[in-house]
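Letters go in sequence order (proteins before strands), and every chain restarts at 1.
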There are 2 protein chains.
Amino acid sequence: MESDDFDLQDFLPYLLNQAAEASSLAFQQVYKDRYGMLRTEWRVLFHLGIYGRMTAREIGQRSKMHKTKISRAVQKLADRRFLTRRPDDDDRRLEWLDLTSQGRAAYRDLREIAMRYDAGLSDKLTARENAVLRQALRKLAQDR
Amino acid sequence: MESDDFDLQDFLPYLLNQAAEASSLAFQQVYKDRYGMLRTEWRVLFHLGIYGRMTAREIGQRSKMHKTKISRAVQKLADRRFLTRRPDDDDRRLEWLDLTSQGRAAYRDLREIAMRYDAGLSDKLTARENAVLRQALRKLAQDR
DNA sequence: CGTTGTTAGTTACAAAATCAACCGTTAACT
DNA sequence: AGTTAACGGTTGATTTTGTAACTAACAACG
């Protein structure tokens with residue numbers, strides 16, 4: 001009964017979460033069904049696909065994922081021959097990660113789908129909404 | 001190494017997720033530290049606080065949370081005397097959920113914090129960004 | 001050198017999310 | 001009524017995440 005003037009749908013953390021979940025649902029289905037990947041795994045794959053050879057540490061800095069998540073994702077991707085790991089010669093704590101050709105193929109495939117998917121989302125918005133949205137999201141994502 | 005023109009920071013599902021995570025971090029800390037609640041739990045609390053008496057089913061429809069999450073959140077909130085449950089007289093599958101006075105107090109407390117918190121986030125954006133952002137997010141969150 | 005602190009990455013264990021199967025109840029159809 | 005399907009909600013098994021403690025390697029400073 002007694003209702004209330006506070007609007008959950010206007011509370012930014014909630015609204016952001018709803019939008020994020022809704023807008024990633026169908027894409028999630030793709031990398032899951034097609035490659036049996038988790039979100040952490042396609043993220044690692046994408047980082048390597050986009051930026052080329054990296055260490056887990058660099059991926060962590062860019063993505064803000066916790067290092068245990070990355071460690072596990074790398075393990076799975078290595079098991080499935082999507083990437084190879086090689087210790088650095090100078091600093092043997094570091095491991096350089098490279099996509100295999102299989103990994104690159106998966107990346108290219110998923111990137112294609114991601115681009116079309118993103119275009120589909122953009123279509124729901126006006127040009128101005130798209131520009132302002134991305135700008136605003138970047139500001140919000142910034143500090144952490 | 002071979003880099004790539006695809007920009008992860010422009011991929012909406014990724015960007016949305018980053019923004020959502022960053023912007024809920026500090027608030028999460030509050031309901032966790034202050035009331036030992038999980039995200040699912042404050043969501044149920046907020047739904048009841050805002051809309052008054054509801055069933056788990058209705059909460060599920062509004063929030064899109066899975067029913068097992070809701071069931072467990074309701075259980076915990078009932079254990080801690082934040083809400084009471086009473087079966088419907090006509091349809092005994094349904095259970096009506098009501099906040100206790102303790103639950104309402106927690107809700108009011110957290111709502112206050114949420115409003116200030118949201119204002120703090122809004123301050124990072126211009127008035128126009130705020131308006132367009134929320135509008136766009138609502139569109140994206142819409143279909144599911 | 002040797003101690004102490006830091007870093008990259010892993011592992012172990014607990015907390016939480018997911019998924020399917022389930023129970024009791026109501027609805028639909030014969 | 002009697003059967004079957006659907007619904008609200010719960011439970012249990014499995015998967016995934018989070019947290020902390022750990023290993024191995026390097027760095028800094030005496």
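- Counting all heavy atoms, side chain and backbone alike, B:E41 lies closest to B:L77 at O-CD1, 3.7 Å.
- A heavy-atom distance below 4.0 Å to DNA chain D is reached by these residues of residues 69-81 of chain B, ordered by number: B:S71, B:R72, B:Q75.
- Whole-Å rounding puts the A:K32 NZ to C:dC19 C1' distance at 9 Å.
- A donor-acceptor contact under 3.5 angstrom links the side-chain atoms of A:R93 to the base of C:dT7.
- Atom CG of B:L94 is separated from atom C1' of D:dA6 by 14 Å (rounded to the nearest Å).
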Q: Kindly indicate, with the supporting measurements, whether the criterion side chain to side chain contact (heavy atoms under 4.5 Å, CB included) is fulfilled by A:R62 and A:M54.
A: CA-CA 11 Å; A:R62 278 191 190 272; A:M54 296 182 94; 3.5 Å; yes
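- Mapping A:D90 and A:T68 onto DNA chain D via the closest heavy atom, the residue that lands nearer the 5' end is A:T68.
- Between B:W42 and B:F46, the ring planes are perpendicular. Angles over 60° get that label, and only those under 30° would be called parallel.
- No side-chain heavy atom of B:L137 sits under 4.5 Å from any side-chain heavy atom of A:Q18.
- When the C1' atom of C:dC23 is taken as reference, atom CG of B:D91 falls 15 Å away, rounded to whole Å.
- Atom CE of A:M65 and atom C1' of C:dG9 are 14 Å apart (whole Å).
- Of the side-chain N and O atoms in A:R39, none sit less than 4.0 angstrom from OP1 or OP2 of D:dT15.
- Residue-to-nucleotide proximity on DNA chain D shows that, of A:K67 and B:K67, the 5′-proximal contact is made by B:K67.
- Atom C1' of nucleotide D:dG9 and atom CG of B:D88 are separated by 14 Å, given to the nearest angstrom.
- Listed by first then second residue, pairs satisfying ring pair (Phe, Tyr, Trp, His ring centres under 6.0 Å) with a partner in residues 109-128 of chain A read A:F27-A:Y117, not counting sequence neighbours.
- Of the charged side-chain nitrogens involved, none lies within less than 4.0 Å of a carboxylate oxygen, so that B:D7 and A:R134 do not count as a salt-bridged pair.
- Computed from coordinates, the A:H66 NE2 to C:dT11 P distance equals 14 Å when rounded to whole Å.
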